[in-house]
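The structure under discussion appears below in the form of structure tokens.
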Amino acid sequence: MPDLPCDGDGVCMVCSAAAPPEVDLLRCTTCATPWHSPCLSKPPALADAAQWSCPDCSGGPTHAPAPLAPGGSSDLVAAIRAIETDAALSDQEKARRRQELLGGAAPATEDEEDEGDDLLEILGKNFSCVFCMKLPDRPVTTPCGHNFCLKCFEKWIHNRKRTCAKCRAEIPKKMAEQPRINSALVGAIRMAKISKNANSAVSATAYHYLRNDDRPDKAFTTERAKRAGKANASSGQIFVTIPPDHFGPIPAKNDPKRNTGVLVGEKWEDRLECRQWGAHFPHVAGIAGQSKYGAQSVALSGGYVDDEDHGEWFLYTGSGGRDLSGNKRTNKDQSSDQKFEKLNAALRISCLKGYPVRVVRSHKEKRSSYAPEDGVRYDGVYRIEKCWRKIGVQGKFKVCRYLFVRCDNEPAPWTSDVCGDRPRPLPKIKELNDAIDLTERKGSPSWDFDEKEGWKWMKPPPISNKPILSGDPETDAQIRRVTKRAQLSVAERLLKEFGCSICRNVMKEPLTTPCAHNFCKTCLLGAYESQSSMRERSRGGRTLRAQKIVKKCPSCPTDICDFLQNPQINREMMDLIESLQKKAAEEGDIQTCSDGSNGAQESGDDGDNADLEKEEDDSSPNEEDNNDAGCLHADDDGPVVKIVVESKEEDLQLKKKGDDKEEKDEKKTMVSTDVVDIAVEEVKQGSGKAGNKEVKQRKKRKGNAADAEAEAAMDTAVGEDARPAVKRSRKSGGEGLCTL
DNA sequence: GGGCCCGCAGGG
DNA sequence: CCCTGCGGGCCC
């Protein structure tokens with residue numbers, strides 16, 4: 001028998017004793033509900049009765065966690081589970097990754113802990129449920145702008161109270177009957193808690209839960225290719241425990257499978273297998289790197305005729321400047337200048353910093369005597385001593401050029417030496433005479449030679465910005481999502497929770513509608529500005545009864561007309577937002593210097609860079625979209641004002657994640673049929689276009705080739721799409737084929 | 001050996 | 001999201 005309280009009439013819902021004697025009644029200190037103590041499965045000791053919280057409020061078994069908002073901790077749990085089940089990881093490594101996942105960055109620093117505390121404090125100061133005095137669990141917000149736990153609120157309502165416990169304002173029937181959880185608050189509170197509990201409670205629970213989950217071991221055989229062969233395969237398990245932005249050799253400690261590390265001369269069948277051992281991660285691309293951070297590795301596979309291989313040193317060509325239309329991945333012919341951007345910029349950073357760059361050679365490089373006969377081979381680390389541009393051998397366009405010189409403690413696979421490299425004089429490069437944009441390292445290199453210890457990091461290697469890959473695409477995608485969130489400061493993430501879905505900025509004077517959507521006061525009111533709540537109708541000479549106008553919430557079909565009569569600012573939320581903004585502003589400095597963009601700040605090398613940037617001919621793409629992305633607006637239907645009196649049953653309870661898309665589509669169709677109604681006012685001009693885009697995207701998802709083509713035709717005809725036709729052709733070609 | 005094709009991974 | 005990319009299978 002579950003524990004049940006006394007009902008509204010004071011009748012025990014367990015034993016049905018009407019009006020039990022007062023001594024047998026226990027009042028919950030949290031929700032004030034009376035309980036018949038003899039019927040409790042675990043009645044409190046007499047001494048504790050004064051402090052007693054009922055099973056509903058104290059988190060007993062009936063108090064199962066509510067389904068979380070989309071993108072919530074279920075992602076997190078899945079990601080943690082993946083770590084736990086990864087047999088390739090030592091317990092220590094697992095712990096480290098869990099921590100990374102939960103805390104945001106590798107070893108949790110004091111700062112982070114402080115941040116968590118601060119935020120919880122801020123939250124606690126601004127929010128507390130009047131009933132339980134705690135941070136609201138499943139928070140609901142009254143139209144008068146006060147926040148409570150759902151449970152506490154329901155208890156209150158259940159006791160036939162129809163006024164706000166805080167301000168005594170009347171609570172509308174709808175809110176009383178169907179309170180909505182304010183998911184913006186849920187997110188904010190949860191994040192603050194996670195950031196606080198990263199090292200203790202949360203991870204401990206997760207750890208236990210996952211330890212017991214003995215899913216079959218994926219071992220090291222995972223090959224996720226869906227079709228035979230590797231032409232279009234997924235890469236499979238990653239065996240080494242380095243993040244994809246790890247520089248330098250792969251040491252034994254990151255090779256839990258063999259405990260040898262990746263040794264010079266190791267060979268693999270192909271690029272996918274090479275990737276699994278971390279020597280060079282990209283599946284197709286020749287350069288692994290990030291434009292503001294550096295390049296970790298390159299592949300020599302004969303993709304660029306300008307390459308020139310001399311074993312201990314070689315000349316490498318940058319990427320780009322080629323026409324990849326027609327759904328190609330590569331193309332021998334240059335058709336435009338390469339620039340020091342993207343991966344080419346990454347290589348240049350490695351040059352400036354003197355980072356070690358891993359090099360793999362592929363059998364596909366036919367013109368080099370150092371290339372392996374078959375497969376892909378790891379040849380150790382090199383440094384990029386100089387880079388520049390020149391007109392490529394094809395004669396028309398500029399290419400980026402890089403001088404790589406070997407600097408590895410292990411001998412190269414082709415030498416009979418037993419020792420690795422020693423610093424050697426730079427080779428004389430003829431083409432340097434007509435080099436453009438020459439860039440050389442000015443400061444001392446990060447990776448350098450020490451007479452006693454050989455090649456080593458003289459300056460600490462750059463701190464990784466990425467989680468370690470598992471090779472399982474789903475897991476990695478989840479981890480990426482989680483860490484991406486984690487990369488924002490906690491305060492920023494909290495602020496993100498408080499975005500107004502009309503103006504997309506952090507809310508000013510937030511209003512919480514009875515349907516639990518949040519907007520800036522001015523945005524929401526502005527959206528209905530020209531509408532009065534009643535509409536005088538006259539037909540012929542006589543005046544008809546005034547008809548009530550329905551005003552739809554901008555985020556859902558709920559009529560919020562009554563709420564709009566006298567909307568109350570959610571003061572608590574407003575105060576919180578202000579504290580957070582202050583905190584985020586303080587954090588600002590720290591954020592910017594930890595994001596890895598300290599790339600090319602070596603003394604004095606900036607002059608060069610600036611020059612380069614200026615000189616680059618600007619064939620800037622005519623982007624029709626700004627980065628505030630159509631997708632943000634796409635689900636923005638704007639408030640729809642209509643005059644129909646209809647009772648639409650809303651079932652917008654907390655939806656499970658994954659239902660999101662359907663919900664959106666549902667909403668869309670609903671609106672489009674409703675638009676027949678008399679007055680339709682859209683908040684945003686141009687939302688029609690956004691909608692159009694959304695439709696296009698959906699079609700694309702469905703792979704509707706005919707529609708896509710019609711669309712493309714329309715684009716051309718209307719001239720709306722300013723992209724060059726070649727760029728589209730790769731995409732449309734792909735679509736056409738994949739549907740058949 | 002060359003051309004075509006396209007799933008996938010990563011950068012921004 | 002959209003774009004890029006020194007692959008790999010397959011057909012000619």
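Lettering follows sequence order; numbering is per chain, from 1. All values reported here derive from a predicted model rather than from experimental measurement.
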Is the phosphate of dC8(B), meaning OP1 or OP2, less than 4.0 Å from a side-chain N or O of Asn232(A)?
no
The Watson-Crick or G-U wobble partner of dC6(C), with both key distances under 3.5 Å, is none
Spacing between Glu273(A) atom CD and dG9(C) atom P, to the nearest angstrom
12 Å
Can you tell me how far CD of Glu269(A) sits from CG of Asp374(A), rounded to the nearest 0.5 angstrom?
8.0 Å
What nucleotide, of dG10(B), dC6(B), dG8(C), holds the atom closest to the side chain of Ala231(A)?
dG8(C)
Between P on dT4(C) and CG on Asp323(A), what's the gap in Å once rounded to a whole number?
10 Å
Identify whether any heavy atom of Thr317(A) sits under 4.0 Å from a base atom; if not, whether one sits that close to sugar-phosphate; answer base, sugar-phosphate or nothing.
base
Map Thr330(A) and Pro282(A) onto DNA chain B by nearest heavy atom, then report which one ends up closer to the 5' terminus.
Thr330(A)
Once you round it to whole Å, what is the distance between P of dG7(C) and NZ of Lys364(A)?
5 Å
Measure CG/Asp333(A) against P/dC6(C) and give the value in whole Å, please.
14 Å
Can you tell me if the side-chain N/O atoms of Lys466(A) get under 4.0 Å from OP1 or OP2 in dG11(B)?
yes
Within this structure, what is the OG-CD1 distance for the pair Ser297(A) and Ile287(A), rounded to the nearest 0.5 Å?
9.5 Å
Any donor-acceptor pair under 3.5 Å linking the side chain of Arg271(A) with the backbone of Ala285(A)?
yes
Check ion pair Lys466(A)-Asp245(A) (N to O, under 4.0 angstrom):
no
Are any of Ser291(A)'s side-chain N or O atoms less than 4.0 Å away from OP1 or OP2 of dG12(B)?
yes
Face-on cation placement of Arg358(A) at Phe281(A) ring, 6.0 Å and 45° thresholds
no
Roughly, in whole Å, what's the span from CD in Gln290(A) to P in dT4(C)?
18 Å
For Val284(A) and Lys366(A), find the nucleotide of DNA chain B closest to each by heavy atoms; which residue's nucleotide sits nearer the 5' end?
Lys366(A)
Side-chain donor-acceptor pair present, Ser335(A), Asp323(A), cut-off under 3.5 Å:
no
note: Phe281(A), atom CZ; dG7(C), atom P; distance rounded to Å ~ 17 Å
Distance in angstrom units between Leu347(A) CG and dG11(B) C1', rounded:
14 Å
The side chain of Ser234(A) is closest to which nucleotide in this list: dG5(C), dA9(B), dG9(C)?
dA9(B)
Is Arg275(A) touching bases, backbone alone, or none of the nucleic acid, heavy atoms closer than 4.0 Å?
sugar-phosphate
So, is Ser362(A) close to the dG7(C) phosphate, meaning a side-chain N or O under 4.0 Å from OP1 or OP2?
no
Do the side chain of Asp307(A) and the base of dC6(C) come within less than 3.5 angstrom through a donor-acceptor pair of N or O atoms?
yes
Between Ser319(A) and dC6(C), is there a side-chain N or O to OP1/OP2 distance below 4.0 Å?
no
Starting at atom CD1 of Ile238(A), determine the distance to atom C1' of dC8(B), rounded to an integer number of angstrom.
12 Å
Contact nearer the 5' end of DNA chain C, comparing Val376(A) with Arg322(A)
Arg322(A)
